[in-house]
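First up is the structure itself, then whatever we jot down about it.
Proteins get letters first, then strands, A, B, ... in listed order; numbering begins at 1 in each.
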Amino acid sequence: MLLIHCPYCKESRDQSEFSPAGEAFIARPESPEGISDEEWADYVFYRTNHKGNHWEQWVHTNGCRKYFLVERSTISHQILQVAPFGARNSETEL
Amino acid sequence: MRLAQHPSHQVDYSKSLNFIFNNKRYKGYEGDTLASALLANDALLFSRSFKYGRKRGLMAAGVEEPNALVSLEIGGRYTPNLKATEIMLYDGLSAVSASNPNAFDMRAFIKPLHRFMPAGFYYKTFIKQKVWAKVEDRIRAFSGFSKAPTEEDVDVYDHIFHHAEVVVIGGGAAGISAALEVLNNSQKERVILVDERSQLGGELFNEFTSDEAAMKWHKDSVNRLLSFANEDSERFTLLTKSTAYAWHDQNFIEVLETITTAESLTSSEPQKARKIVHRIRAKEVILATGAHERPMIFEANDLTNIMLSQSVRRYLHEYGVISGKKVVVYGNNDSIYSTARDLHVNDIECVVVDVRSSEDPIEIVAELKDSDVKVLQGYSIVKVLGTHQVKAVEIKQTKLQGNSWQVFGDTQTLSCDLVATSGGFNPVVHLDCHNGAKTYFDEVSQSFLPQQERDNREVCGAVAGVGAWQDAINDAKNKAQFTLNALGVLSELTQEILSENYSNYFNVSQFFTPKEILNKPKVFLDLQNDVTTLDVALSIREGYRSIEHIKRYTAMGFGTDQGKTGNINGIAVAAELLGITMSEVGTTTFRPAYTGVDFGAMAGREVGDFFDPQRYTTIHDSHVASGAEFEVVGQWYRPWYYPKTGENIHQAVHRECLATRTSLGMMDASTLGKIDVQGSDAREFLSRIYTNAWMKLAPGSCRYGLMCNEKGMIIDDGVSTCINDNHFIMTTTTGGAASVYSALEMWLQTEWSDLDVHLNSVTDQYSTVAVVGPNARKLMKLLCQDVDFERENFKFMQWRQGTVCGVDARIMRISFSGELAYEINVEANYGRYIWDQVAIAGEKWNITPYGTESMHVLRAEKGYIIVGQDTDGSMTPMDVNMSWILAKDKPFSYVGRRSFSISALCAEDRLQLVGLLTKDSSTVLPEGAHIIDNKGKSIGYVTSSYFSPILEKSIAMAQIKGGLAKMGETVLVKIVQKKQGLKEIPCEISSSVFYDSEGEKVDGNE
Amino acid sequence: MQKKYSWYSLLKAGLSGQDWDQAIPLIQPKSKYDVIIIGGGGHGLATAYYLAKECGINNVAVVEKGYIGGGNTGRNTTIIRSNYLRDEASSLYEHALKLWEGISEDLNFNVMFSQRGVYNLGHSLQNMRDIERRVNANVLNGVDAVVVDANEIKQQIPIINTSKNARYPIMGASYQARGGVARHDGIAWGFARAASILGVDIIQDCEVIDIEVDEGRVKGVKTTKGEIMAERIGCVSAGHSSVLAKMAGLRLPIESHPLQAFVSEAMKPVLHTVVMSNAVHGYISQSDKGDLVIGAGIDGYNSYAQRGSTKIVEHAAAAILELFPIFSRVRMNRQWGGIVDVCPDACPIISPTKVEGLYFNCGWGTGGFKATPGSGNVFAHTIAQDKQHPLAEPFHIDRFTTGGLIDEHGAAGVAH
Amino acid sequence: MGMNNSKENLMLKFASTFQPLIDQEGYLVNQNDVSCREVVGNALAILRTSKDHEKSKKDAKEILDVDLPEELSMTTNNVGVQCLWISPDEFWLLHSQQKKAEIWNKIESLPIEMSMVDNSGAYGVLEFIGEKVNKLLSRWMSYDLSGSLNSGKVVSTTLGQAPVIVFRTSEGKLMIMVRHSFSHYVAGLLKDSAKRI
């Protein structure tokens, strides 16, 4: 079981309080009608599915109900850092 | 036999216990294990092996024991496949061998055929599917150890969460020392010490007869620990009879504690759990898990009374038991001399055979020789003589040439009745490897050691390759200091000066795997699964060369002992045969559990009623009182129907539906999800997540909404109420409540954080009583005076705030049946009261409570869909003929809209929801039956089907390919299950609105 | 020439000290092949076998980064059935099941396919509606299936708990008699041996570190054992598909998740069929060795670690006790995890890609083992003809763009 | 009609879902080392605040006379309204039924970006007393009760599979708020585990 630090509660809690919410930094297209089916499919279905350090979304379901960002190794499960939502918009840019 | 009493013995000679093994009565003492007690009674045969059914005795004294499998007790306390070495004796214990060594055994009977049944035998035989199908069950009958239980467990199991700064795993010399070092040098840090045995001390007991200092250190240290446990229980927790069986991510450690050893207790309502799983979240972990001794290998090494050297010592020291009078102690490391010395001290005749020809003999060897103990160095056992039990050993001279062992010279025979062997020690690295750590092969100790550096973890003592108890104690203090530093606790290290009487057991020579022995039959590596050196050779010869392939091909290490003693010899043999080093061969992966964990313990109390929460409305008890049958929806228990005495479901539903359509019905609608939506952007938010328009919905009104996901598929629906321009209350389906709520939060927080909207779940805040039927208005007028119920003043799809029977209520005029209906929402605590008041006041109209089944019929008569029944996650609003609910002119591209334009979602032959009327109106279609085309292929299926009491005919809804364009066409529903009577039922595709298509009923009477 | 497995050869070997040939020869890669299959699991080895046997392409290499059958092939609960809901899926899985029924003879290697029947339990009214719908669809598609009620289940499986008061009472089930289990290593080794006999090179401990693409066409692979060229490359690496895709500059509609399983200590036979329950997430059968083989649910987070959350395993144990209370004192012996490649519509991708000559067979999620021979068979033809095998057509990767999903999730969840 | 349409004696009509589960003295669990009883008569208002935390604090103080706590803690004002931190923009005002009207009269004056929701009917409040409270709860709670739940601390977590709010009002007293629909489940767990501590 992972031990996850909630950036809003500012405490580490057992994984059972949280729910994973998928890969991070997948923004909804500004104007869905303006893009091709390929681009739409890429947003809805396609994923990078990193092997290694991976940014993902978690929600503190049974806690403060906030969504936040987690950088976690999908190889070792080690959590490298967490961030409140919107603190960064991509793996690099802060 | 039992030796004279000695302070090192951990049995209480004043408490004698009776027990039964294989139907024979025996006596033992408190503190005995089943194994030690049987040895004391000279009962040496324990069970039979897996493949060849060979008779087997004890090899070890702990959890590494491969042979001594038994089942314990009977009935609700019957437990299969326990190791006799892990069962603490209690009065009245009753056990039988997993497979009885004294009964006839087919596997042993076909001994002459064994040579034709090598590893991988079954891959090469019974290749015809038909033949395999015939023989498989007969072959299966031979497999397995104990019989399965036949009754439900009478005991219960608990889980307990712990949080500690330091967890020390292993209560031997190192573990004790480490725990003490941390406790002595810190103030508030919480420490947990875990040990699998009932007495702290581990292997240290083995030193007691030869070393006063060991006994004294043990006594003092254990007392110190116990006083910590008693005086500062918040800070120090001592878990004995507790095995750390798994180490998960972020130092989450699971420990199985055995509470009641007396399995024969007979209480139906146990006051104690049988076992407890402690789930420990630790900051720092200190591993002091020790090492398992491994045997030397030689021909016929599976005969009874061939035991591990340290196990012989352990039986000697802890239980005062020895199973032989004339012992050959054989091995490749210094520990064998300690064993010989202890035997000699106890006046047991012994000979030492050491494969190593020593240049500089150590002190203890001299001692032994002085005391006339025969010591043969540079000799090896090549074969054991005897039918089932050891009678003698054949030895030959041995020398190491380069990297390979040579065996030469004449064969000598030494008669003996017990062989104690030691091939070195395997550090117990299992836990460390559970969450990803690696091992490396250490040439000095000839063993796989845990990787050096690791965050938040230290290893000390034997598991770290430290081979003398004195060193282990100081090593542990050292590592404990590192742990303290990691916790930011500053303290001074003080080394302990212990006895001079010193011997390093990890002086081990290279694995003894000479060709002369590897090529012999019956040189066993895995005794439980009968894996021999020849099997490993065959595996390699056939190209299964990876150690994982060898394991799988030969089944080496698959037993209940998980190869704790045998695997490493298998790796050594593989290395020898492949001509590579042991570290190149590597180990197989270590996985939880370190030792077996009862399913019951894994589940804990989350079984039966606690397996999953049962959620009730505040009106539940009333439903129970009126004899309702319940339907489970998500976690909710909803009334399904309310049978009167003698009624079946059809009669009850028929009555409920007619009463509702003709007069008055009532239902508990409290389980629907309710989400309070507030903020200046509440409207905008609703119009983004629902497909229809919300900007103009006036306060005081309600509106139905359909929710899709980005794939364009329907996921939920419900009515939302406009309280004011900035405040709405949304209802969701019962099953969808949680997922919808978190989906909405996700949109708000991750995509639309600019919107000023707050969501709050108010599902539990309200009890909802629906009053349904032509007489509903009359009833409401009775119950509530401060609301004007006249139809033109309180219209359909409106709501009013009022007082119902003195309780504040939000009354919504909405309908899921097409009848005049009101939903009374009150604070949950008054739900039961309102329900009762409605029932009383409704009596004059024969008000009838109805459940989900009637609700389904009533809504189906009107063609209203149920998300999850008429849709399945792959239906668009167009598919269910609800294009009318798709707003065309919303500026924002609401969720799912973009997908509607994708080609496959606009295809004409998609499954579409339509009505279906059987030509014979009395025939009710089975739900799930398929509609076929003229080729007999499925073109859709029936989603909902009922006999409509009010229409007195069968009605159904179905998904049919291109169905919306096929109105009026006749199709065939094919019944393909014998039970339902094979037939083809002609039906007409119709509108799915079967009743009151003009919608006149919704205003009720007057 | 490889010795054929038979009673005669067993007898001979028994008398001559088990002198068997290498079933899986130790081979160094050549510099060029007609086809390279990346991934030495069941699906990859099957693909190579059928390329050689049915498509006349023998110059094939299977490159495996570890040991063959060491991934999901060796980590699943070996359940085999074909009673899927959608026509496209059931046709594919039925094709596989038919191959299973003859595979041991075809490969001259007993993979111990045991057709002991598979029950899929229903615990709610909606479960039962879905079961009715699925079973009827199966029968119309010529797939053997039947709906059984709680009493019939109890008769066949006396140790199962059919009490109405259970938290998730058993209301009924779908039953497929031809379904069952097989020996997971057996299918990998059987295909490997048979493929080697037909000239396929199986190269273990050979990790692909890059896929070489030139002007939209695949050229070969860089591996830990050097560069290997090929005009056509088939990727069959389950959980690692996204990693390979990245090497070729592609993305996939796939996430890798942990899926866990565990076995008990071996007992005398007591459970003679396969029981699955999606509602409580417990899947169980008893192996020929006698241990209970139990599958758990899937973890929600991405992982390549081959381990998952404790909670999921413990829940599976609880689920099994709901169904079989008598197993409470039986002990879990070993627990492990695989990496499953999950597709949004719970159906596989068997498809060419934007890169010419590069094909992917992935996205099998939790259902891959049962498809092993069928998957390899249709993928082999897809690679050989550079055109999807008819049964594979619906599983083109483009379906995620055109919307032609094959939703096998069934009911989205009970709701009223 | 003989039906009581007045707003008097509402308590007569009040029925908590814990009511069928408690003993005569109102206890779910009543042992010498641990006790658990339901505390009725509470009202609960959920206060949601804007992104401008400072302004929200000011408004809450001025309009509602409550001090918004920072992170996982609670405040109590002079008229006994307890304000619990649930999330950065969510605070629960726990108060007596008598205070309810008073608080709700102020809602009109709340700024638009703040909102309030009445959830008085949604939760049952349980009071735990005794030295074995942590021991009992640690059977079902992963949270570090002994190490982290100091007096005045508020955490939302799970008890078994039920979402709950836990807070320690004083050294010896711990409160848990349970959604009504989970009351049978939670009561069952507590009674069962209490037998074996």
Could you tell me which non-hydrogen atom of [X] sits nearest to which non-hydrogen atom of [Y], and how far apart they are?
X         : Y         : answer
Tyr46(A)  : Ile397(C) : OH-CG1, 3.5 Å
Ala41(A)  : Phe400(C) : CB-O, 3.3 Å
Ser309(C) : Met1(A)   : CB-SD, 3.6 Å

ask   = Phe45(A) pairs by side chain to side chain contact (heavy atoms under 4.5 Å, CB included) with which of Leu405(C), Asp345(C), Thr401(C)?
value =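 By the side chain to side chain contact (heavy atoms under 4.5 Å, CB included) criterion, Phe45(A) pairs with just one of Leu405(C), Asp345(C), Thr401(C): Leu405(C).
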query = Please walk me through it: do Lys51(A) and His240(C) pass side chain to side chain contact (heavy atoms under 4.5 Å, CB included)?
reply = CA-CA 8 Å; Lys51(A) 181 178 186 182; His240(C) 280 76; 2.8 Å; yes
Working to the nearest 0.5 Å, report the span between [atom1] of [X] and [atom2] of [Y].
X         : Y         : atom1 : atom2 : result
Ile254(C) : Arg47(A)  : CD1   : CZ    : 12.5 Å
Lys311(C) : Asp14(A)  : NZ    : CG    : 9.0 Å
Gln15(A)  : Asp299(C) : CD    : CG    : 6.5 Å

query = Can Asn49(A) and Ser256(C) be counted as having a side-chain donor-acceptor contact under 3.5 angstrom?
reply =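 On atom types as modelled, these side chains qualify, holding a pair under 3.5 Å.
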task = Check whether the side chains of Thr48(A) and Arg251(C) place a donor and an acceptor atom closer than 3.5 Å, and report yes or no.
result =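 Their side chains do contain a donor-acceptor pair, which is all the 3.5 Å distance test asks for.
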task = Report the option among Ala21(A), Ser36(A), Pro20(A), Ser16(A) that has the most heavy-atom pairs separated by less than 4.5 Å from atoms of chain C.
result =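 Highest number of heavy-atom pairs under 4.5 Å: Pro20(A).
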key: Among the listed options His54(A), Glu39(A), Glu56(A), the residue most often paired with chain C at heavy-atom distances under 4.5 Å   =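 That would be His54(A).
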task = Please state whether the rings of Trp58(A) and Tyr301(C) are parallel, tilted or perpendicular, taking 30° and 60° as the class boundaries.
result =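 Aromatic pair Trp58(A)/Tyr301(C) classed tilted.
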key: His50(A) side chain reached by Tyr304(C) side chain, heavy atoms, under 4.5 Å   = no
message = Counting only heavy atoms not in Lys225(C) (residues, nucleotides, ligands), do more than 12 fall under 6.0 Å from its NZ?
response =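 Count over threshold, so yes.
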ask   = If you count the non-hydrogen atoms of other residues, nucleotides and ligands that lie under 6.0 Å from CD in Glu33(A), is the total more than 12?
value =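 Atom CD in Glu33(A) is crowded, with more than 12 foreign heavy atoms closer than 6.0 Å.
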remark   = Answer key: most heavy-atom pairs under 4.5 Å with chain A among Leu252(C), Ile339(C), Asp341(C) is Leu252(C)
